[in-house]
Amino acid sequence: MFQNERDISEWKSGNKKIMDYHKRQLETPYRSTIYFEIFLSENTSLDNCKIIDIACGAGGGNKIFSKIT
């Protein structure tokens, strides 16, 4: 959930800074995404698993997981 109304209006406005942040994640996964994948692989099997993304940004992190599963 958005922290406040400003966050909602920035997201809806297509704020270039925010959109660029998410687009960069599509080109090159952020370290946090890579480390999250490492954490998951060390604690569960990622073979044939299903991952649900619930309002976690623009979905850039899903790209790395789609290649794994």
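As a basis for the values below, the full set of heavy atoms in this structure was taken, side chains included, without hydrogen atoms, waters or symmetry mates.
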Task: Listed partners of Tyr35 passing ring pair (Phe, Tyr, Trp, His ring centres under 6.0 Å), at least two apart - done: none
Task: Inter-residue atom distance Lys16.NZ - Lys23.NZ, 0.5 Å rounding - done: 6.5 Å
TODO: Taking side chain to side chain donor-acceptor pair (under 3.5 Å) as the test, write out the residues that go with Asn43, two or more places apart.
DONE: none
Task: Under the side chain to side chain contact (heavy atoms under 4.5 Å, CB included) test, residues paired with Thr44 that sit two or more places apart - done: Leu40, Leu46
Task: Results of side chain to side chain contact (heavy atoms under 4.5 Å, CB included) for Tyr30 - residues two or more places apart only - done: Tyr21, Arg24, Gln25, Ser32, Thr33
